[in-house]
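Report on one structure; see the data block that follows.
Chain letters run A, B, ... following the sequence lines, proteins first, then strands; residues in each count from 1. Side-chain atoms are counted along with the backbone in the values below, which use heavy atoms only and exclude waters and symmetry mates.
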Amino acid sequence: MSLSRKIAFVDLTTGKIETKPISKELRRKFLGGRGLDMYLLYKHTKPGVDPLGPDNVALISAGLLVGTLASASSRTHVGGKSPLTGYVGSANVGGFFGPEMRLAGFDHLVIRGKAEKPVYLYLHDDEIEIRDAEHLWGTDTRDVQDLIRQELADDDIQSLCIGQAGENLVKYACIRTSIKNAAGRTGIGAIWGSKNLKAVAAKGMRDIGIAQPKEALAYNKEIINQVTSAKVSKTMQKLGTPFIWGVTNSTGLVRTRNFQLNQLVNADDIEPESIEEDLVGTAGCFACQVHCRGKYFIKEGPYKGTYDEGPEYTSQGAFGAEVGCTSKNTVLVCNHLVNYYGMDNLETGSMISWAMELFEKGILTLEDTGGLDLTWGNDETVIELVHKIAKREGIGDILADSPLEAAARIGKDSERYLVHVKGMSNLHSDERPTPALALNIAVSSRGSDHLRGRPAIDLYHLPEKVLRQIYSNPIPYDGPLTSDYRDYEGKPWQVMWQEHLYSTVDCLGICKYHTVFLGPNMPAYEEWANLIRLNTGLELTPEEIYRAGERGYTLERLFNIREGMTREDDKLVDRYHDEPTPLGLPVVRGRFIDRDKFKIMVDEYYAHHEWDENGVPTREKLEALSLNTLDKSGSEPSNLV
Amino acid sequence: MITIHIPLILRHLSDDAETFQVEGSTVGQCLEELVKAFPGMQASIFSKKGEIHHLIEIFLNSKTAHPDELRRPTVDGDEIHVVTLLSGG
């Protein structure tokens, strides 16, 4: 059955491989994917571990429903202690790798040590081979996957891999699979690079073992109808995620020129309707009907004829608004390059835009940049910097470090222009007019991030009755809720609730675009309880599933605290408070985050979580979540594996 | 009368009115009355083909009216919410 998949422990230093079963108790507590990934991170690293040292772990975790008869069940989690932030390293990816890993017999990999020479792992038939990868070192993320398929003479093999950025220890290198699927954030690619681990390939022939296949298939049809009939899904199918960027920018919620403006003007060329003109189709991940990923060929310039996929709305932000570029070609080329080298597009764009503001302020000069003109909107410079960062050449070597490390290397008060939380850069959105979204990025467990707890529908202006139906399920809530996104009231509950929801779907391996992230009429806990029961045989109530998501999120908090995080890290940079938004619609212009109200939101957020005033989970909360076996050193959340 | 709730990002087109009262026997008629009063809303609510814009979802009495939202019957006391698919992701 699907629950029989194992955890494999791979030591790249010694070559030793050990497998263990996953107990039902552990399943019930953490489900799989991100939750179990976090458990394994907490348990198998020591406090203060060097993120790029052999004692850090590289984790791969398939979600509980991955590869089953559940729609959009493609998602795999990767983890480790982040070389970008020093806190939780954690990222999620779709594509087809996760199902293949489960078909090969594995749900989780815990990889430690460091190989003497480059290697890749090959998972098949309940076995793991450590194979030579010296000939693959130096290849991009696309070639390495093709070469592995050729070497193993099997076109069906799916791989996770790093590109040159991971090999060069770019602190925000990511893990890639297929053409553009990325486990993008927190620099897991650098962990792999530090271990001389180029890729993990999988090919499986084992039956997943669906508990009630006929019923699961029939029920999934209902889920598919629910998702694909939603208005927002149809928009997503037509335009992909760029539609989000378009309306966000026209409203005035896109950070522009690093953080100086909140709207990119004269941006017709990178509006979603313009990008749609270049798309030759759309692609989707395993078992998904939404197909949100565009397919395109670059039409002009040195990269003319190059095929790639995307761009996501984050690339419009990273290589458009943030750097002041209004050229579609620049967005499409840079999107291709970060896919090729294996880098987080958000962090890449943020670091370049930060450098551009430093150049404008005279903190960086032509001498520092090797003659590169970092003026806003310089398309050639932006493209060149992506290359230089991946290769750690010239100024690119500094920008390839984490934001705080780079600021320390440059000095001259450069840190004040960073737009980050916990050392991870913000995505392209400007949260000054939206307190809920601002709180979300400030308290997120992995640094500034929209995929940990963003109540994205806060901007929809939904009827309050609909909001209450959403945010009172499956845990009753009768506190304040308002559909006015300028308000501070009720937002802490929304953020906490979303944190648990996203944690839950990351444990299940379901895409967030099948959740309330995109709209109000999407599957939630009731539907997931049915999917779990029909596909795996596990009987869990909606509340138990919610608590599993909460348990994983709480463990992320405990890990961060163990690594030195305090309440001081749950904050926004000063610009959110001191510089009102200058552009956009009247309802967003002149907005900033009020310091006093923000503090109250953080207090309320902690209280909802049942954490103390310093953001530390209370003993009572840990007991309620069965996380109370922490010993005094904080090294052991439980003894289940 | 039927009450139409205007979302924040369209209020610069409604003289800051939060709601607008109309008479109509379908959602489509009600929204036509709205854009008659505030013509600037036409391009934000309707596509060039006269359908509901792809970035707008209509809720009738707190339930989605999609699809065929324009033909949904309305009666006195109904509430229409114009919802913007502005997810801010």
Gap separating the CD atom of A:Glu464 from the OG atom of B:Ser62, nearest 0.5 angstrom: 10.0 Å
Residue A:Ser250 versus chain B: region with a heavy atom under 4.5 Å: neither
Over all atoms of both residues, closest heavy-atom pair of A:Pro586 and B:His12: CG-CB, 3.7 Å
From B:Ile9 atom CD1 to A:Leu585 atom CG, the distance as rounded to the nearest 0.5 Å: 6.5 Å
Inter-chain contacts: residues 48-59 of chain B against chain A, heavy atoms under 4.5 Å: B:Ile52, B:His53, B:His54, B:Leu55, B:Ile56, B:Glu57, B:Phe59
Winner by heavy-atom pair count (cut-off under 4.5 Å) against chain B, out of A:His461, A:Arg486, A:Lys234: A:His461
Segment of A:Leu239 engaging chain B (4.5 angstrom heavy-atom cut-off): side chain
Residue A:Val587 versus chain B: region with a heavy atom under 4.5 Å: side chain
Nearest heavy atoms of A:Leu459 and B:Leu86, plus distance in Å: CB-O, 2.8 Å
Side chain to side chain contact (heavy atoms under 4.5 Å, CB included) between A:Asp484 and B:Leu8, worked out: CA-CA 8 Å; A:Asp484 187 333; B:Leu8 275 167; 3.4 Å; yes
More than 12 heavy atoms from other groups under 6.0 Å of CD on A:Glu526: no
Residue B:Glu79 versus chain A: region with a heavy atom under 4.5 Å: neither
Side chains of A:Pro463 and B:Val83 in contact at under 4.5 Å (non-hydrogen atoms): yes
Partner of B:Leu85 by side-chain contact (heavy atoms from CB on, under 4.5 Å), out of A:Thr235, A:Leu518, A:Val247: A:Thr235
Within 6.0 Å of CD in B:Glu18, more than 12 heavy atoms from elsewhere: no
Interatomic spacing from OG1 in B:Thr84 to OH in A:Tyr485 - rounded to 0.5 Å: 7.0 Å
